[in-house]
Amino acid sequence: MNTRTDEIADGIFRISTCVPDVAPGGFTFNQFLVRADQPLLFHTGPRRMFPLVADAIARVLPLSTLRWIAFGHVEADECGSMNEFLAAAPHAEVAHGAVGCMVSLDDLCVRPPRKLLDGEVIDLGGKRVRHIDTPHVPHGWEGRVLFEETTSTLFCGDLFTHAGDGPAVTGDDIVGPALAAEDMFRATALTTTTAPTIRGLAALEPRTLALMHGSSTRTGCADALHRLADAYAARVAGR
Ligand SMILES: [Fe+2]
Ligand SMILES: [Fe+2]
């Protein structure tokens, strides 16, 4: 497997590893490193990918200086190696919403996680990340996203998941591929709150959507969120 790193916004690095067998054309697992006085990693990757991700981070900044470990929800690809990173970076803390800490992370983390209120901001020094609770969007009671305010980058986790090993940043439509992947994986918790939650993210007017699986985009971000919300609303309504 080949791991590549691209700076997709000022000081925001996408670390991407394509695994060939997951889907036709392969399937990417992406982590995002925010370079700041207090560096933050969004998604750790699964435990078996730890050496690849750690090596990629070390090419940008010393691994031991990682201060924050964050992710969208509690699954192996999101946070499988959080304890490996807590061991490698002695001042690092996992930061997540209260539900995720109460249900899973207070028990799973080798050091206590930092509990964040909905809307709470962590000033990283040069970058600022806002925690936003998105329960069950795209899945998981503890679901959340993170919004980096200085670059207007939305770390949207599994939202817009699509197959293939495309460029780090695409100008192509990401909604069609996301709906094709949804037909294949059925990964999204489709409820009456799915579309309103996603429309709330569109109101942030992000300039970059940083996707965990697939290419990120800087093209029509709010519009893409509205179109994804519309498509999910139609599916919930049985249309
Ligand atoms: Fe997930
Ligand atoms: Fe994921």
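Heavy atoms only: backbone and side chains are in, while hydrogens, waters and symmetry mates are out. For ligands, and for the atoms within them, numbers begin at 1 and follow the listed sequence.
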Angle subtended at the Fe ion (ligand 2) by SD of Met212 and NE2 of His213, nearest 10°: 90°
Metal-centred angle, OD1 of Asp158 through the Fe ion (ligand 2) to OE2 of Glu78, rounded to 10 degrees: 80°
Result of checking Ile8, Asp6, Leu33 against Phe13 for side chain to side chain contact (heavy atoms under 4.5 Å, CB included): Leu33
N, O or S of His43 under 2.8 Å from the Fe ion (ligand 2): no
Backbone or side-chain N/O/S of Glu75 under 2.8 Å of the Fe ion (ligand 2): no
Other residues, nucleotides, ligands: >12 heavy atoms within 6.0 Å of Arg4 CZ: yes
Minimum-distance atom from the Fe ion (ligand 1) among N, O or S atoms of His73: NE2
Identity of the N, O or S atom of Asp77 lying closest to the Fe ion (ligand 2): OD2
Side-chain (Arg111) to main-chain (Glu93) donor-acceptor, under 3.5 angstrom: no
Phe160 backbone acceptor or donor facing His162 side chain under 3.5 Å: yes
Exercise: do Asn30 and Ser16 side chains pair donor with acceptor under 3.5 Å: yes
